[in-house]
Amino acid sequence: MLHKYFPHTPEDIAKMLETCHMTSLENLYSDVPEQLKLNRDYNLDPQKSEKEVRDFFEELAQKNQPQTCFAGAGFYDHYAPAVIQSIIARSEFLTAYTPYQPEISQGTLQYIFEYQTMMTQLTGLDVSNASMYDGTTAVAEAMLMAVASSRKKNRVLVSATVNPIYREVVDTYAHYHGVTIDTIPEKDGVTDLEALKEMLTAGDIAGVIVATPNFYGILEDYTGLADMVHSAKALLIMTAPASALGVIKSPGEWGADIAAGEAQSLGMPLNFGGPYLGYMCCTKALIRKLPGRIVGATKDADGQRVFVLTLQAREQHIRRDKATSNICSNQGLMALYASIYLSLMGEKGLQEVNESSYSGAHYLASKLQETGAFELKYPNKPFLNEFVMKFKGEVSLDDFIEVCSACGCLPGVKISDDELLICVTEMRTREELDRYIWRAETFSKAKVPSFNNEPVDTNN
């Protein structure tokens, strides 16, 4: 008889306990204080049939309230080709987990190799790892990588225009590694490069972290930044949403040493917060400080092209106290997802995604200003598909957000009492943009927050 799972027999358990010098399973938890033990049965429902389980989760799903999404702040609503779901379920990808045995892991090794290749093309850097858990931890690991490369320096500068959630995780990592984090001030929505120049004169800087586009959606001009940072013998770390790298100047072109960030924008569903994918690329000189693993291509004894695990620091497994990172696994499914998305979209598709997003964002920003309800906070700064608006309506921004939400629209991310960070991707139709504009215009004249007699929105 075939079984998906073979439970331990009483004889198996007895042998394991004997090896551990234990007389019962309870002995395994003898060090746990009694007040921490549950000491009762789990509060679980009785067993259910397959239909009952499906009905249960369907009922939970119906509690969700899908909304037309104008929120971004690092995570974006992008189109994903339907075929991705079929390809990731192929047996050569689905069954091969860890690539330690290349002869049975060619599917995993191949998609990691392809992922690394495409990420280096996007970032303009020499090598990519595979991979990181999400963008926040990727940037934090890049910070530690800069410190490990400098040896005697343990101070890192982070621009105030970097996504705040990245900064929070960087601070957490830094706290437990004895690293000092200082903030480069912003000036009119961009990094104050003059202030940075002054901060670099201290001579104890291991790395500098900046963003493009930054948290406000602005495309900063980093001309001369790499030379400034390198002259202080520090490393330049740049973070960007992976999708934007299809059209903007890459970290490699700016002269960055490390690129790290979030790859969720490569078609991955928002999915209520994950799972997502962190990417990290660097120059060849830093390859041995790179956490994670690197896969390469070679030939087997028969001359066939095969894939192998080329590099993984042994400190991650053996001399762990000397390791620069404890990342030895990766978001394998998400790296596969990104690889398939990029291979399907190609250079032209990624360009079209960003052109559509750019066009929609600039149309919305312009029309929102015309309503009188909003004004663009940084009118003279270039942006791709995300921008900050100051709310000027008769009632509060909170009221506007609440009423929009009730109408099936998530209007953006509130970043201050009167400021809204708004994002437009290729998923937003002209009808949805015009509906947003109508709501803003109506709300700017309202004394009481409501959208009475709102036209029917077929998208909500």
Side-chain angles (χ1 to χ4, degrees), residues 4 54 57 61 66 69 75-123 127-135 138 241-247 261-281 292-298 300 304-310 327 329-354 356-357 425-427:
K4 292 183 178 180
R54 290 180 180 274
F57 284 106
C69 183
F75 309 97
Y76 304 96
D77 182 23
H78 282 292
Y79 161 78
V83 71
I84 293 178
Q85 297 297 330
S86 297
I87 297 176
I88 62 176
R90 287 178 60 92
S91 61
E92 64 266 41
F93 302 134
L94 188 64
T95 61
Y97 168 62
T98 188
Y100 297 125
Q101 295 176 273
E103 65 275 14
I104 61 172
S105 303
Q106 284 300 296
T108 296
L109 290 165
Q110 180 178 359
Y111 78 67
I112 290 177
F113 180 84
E114 302 295 353
Y115 164 81
Q116 291 171 169
T117 301
M118 288 184 277
M119 291 311 302
T120 56
Q121 292 173 341
L122 277 180
T123 60
V127 291
S128 167
N129 76 353
S131 47
M132 312 301 288
Y133 296 122
D134 57 21
S243 177
L245 294 174
V247 293
E262 180 59 62
Q264 177 274 331
S265 57
L266 299 179
M268 296 175 198
L270 289 168
N271 204 33
F272 301 97
Y276 294 155
L277 172 69
Y279 70 85
M280 182 183 286
C281 304
R293 53 168 64 102
I294 295 176
V295 169
T298 185
D300 65 10
Q304 299 181 100
R305 187 177 190 236
V306 294
F307 302 92
V308 294
L309 192 60
T310 300
I327 295 292
S329 183
N330 69 93
Q331 291 287 59
L333 179 63
M334 297 297 100
L336 172 61
Y337 194 109
S339 303
I340 298 170
Y341 174 87
L342 287 170
S343 67
L344 291 170
M345 301 296 286
E347 182 178 343
K348 183 179 179 182
L350 210 53
Q351 182 175 342
E352 289 179 358
V353 163
N354 281 281
S356 176
S357 301
T425 70
E426 80 283 4
M427 295 290 283

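Quick caveat: nothing in here was measured; it's all calculated off a predicted structure.
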Heavy-atom pair of closest approach, residues Y337 and G267
OH-O, 3.0 Å
Any idea which heavy atoms bring A338 and M268 closest together, and the distance?
CB-CE, 3.8 Å
Give me the atom names and distance for the closest heavy-atom approach of T120 to C281.
N-SG, 4.4 Å
Side chains of H78 and S243, heavy atoms from C-beta outward: is any pair under 4.5 Å?
yes
Quick one: OG1 on T298 to CZ on R305, what's the gap to the nearest 0.5 Å?
10.0 Å
To the nearest 0.5 Å, atom OG of S343 lies from atom CD1 of I84 at 8.0 Å
Check against side chain to side chain contact (heavy atoms under 4.5 Å, CB included), D134 and Q264:
CA-CA 8 Å; D134 57 21; Q264 177 274 331; over 6 Å; no
Between atom OG1 of T425 and atom CG of D77, what is the distance when rounded to the nearest 0.5 Å?
5.0 Å
Short side-chain to backbone donor-acceptor contact, Q116 and V127, under 3.5 Å:
no
Is the shortest side-chain heavy-atom distance between L277 and Y115 below 4.5 Å?
yes
Would you check if Y341 and L350 make a side-chain contact, meaning some heavy-atom pair closer than 4.5 Å?
yes
Test your reading of the model: is there a side-chain donor-acceptor pair from Q110 to the backbone of F307, 3.5 Å cut-off?
no
Which atom names give the shortest non-hydrogen contact between G278 and A138, and what distance separates them?
CA-CB, 4.2 Å
Indicate yes or no: at least one non-hydrogen side-chain atom of S131 is less than 4.5 angstrom from one of Y279.
no
Between CD1 of I340 and CE of M118, what distance do you get to the nearest 0.5 Å?
9.0 Å
Give a yes or no answer on whether the side chain of Y111 reaches the backbone of I88 with a donor-acceptor pair at less than 3.5 Å.
no
Residue list, ring-ring contact (aromatic ring centres under 6.0 Å, His included) with Y276, at least two apart or on another chain:
F75
Check whether any side-chain heavy atom of E262 sits under 4.5 Å from a side-chain heavy atom of Y76, and report yes or no.
no
Any heavy-atom pair between the side chains of I112 and L336 that's under 4.5 Å?
no
Once rounded to the nearest 0.5 Å, what's the spacing between atom CD1 of I104 and atom CG of L109?
10.0 Å
Please determine whether side chain to side chain contact (heavy atoms under 4.5 Å, CB included) holds for the pair L245 and T123, giving the CA-CA distance in whole Å, both sets of side-chain angles, and the decisive distance to 0.1 Å.
CA-CA 7 Å; L245 294 174; T123 60; 3.8 Å; yes
Sequence neighbours excluded, which residues qualify as side chain to side chain donor-acceptor pair (under 3.5 Å) partners of N354?
none
Taking C-beta and beyond as the side chain, do L333 and F93 meet within less than 4.5 Å on heavy atoms?
no
Evaluate the criterion side chain to side chain contact (heavy atoms under 4.5 Å, CB included) for residue pair L309 and R293; output intermediate values, then yes/no.
CA-CA 7 Å; L309 192 60; R293 53 168 64 102; 3.5 Å; yes
How many angstroms lie between CZ in F113 and CD in Q106, if you round to the nearest 0.5 Å?
11.5 Å
Short question: side chain of S356, backbone of E352 - any donor-acceptor pair under 3.5 Å?
no
Side chain S357, main chain E426, donor-acceptor under 3.5 Å:
yes
Just by distance, do the side chain of S128 and the backbone of M119 share a donor-acceptor pair under 3.5 Å?
no
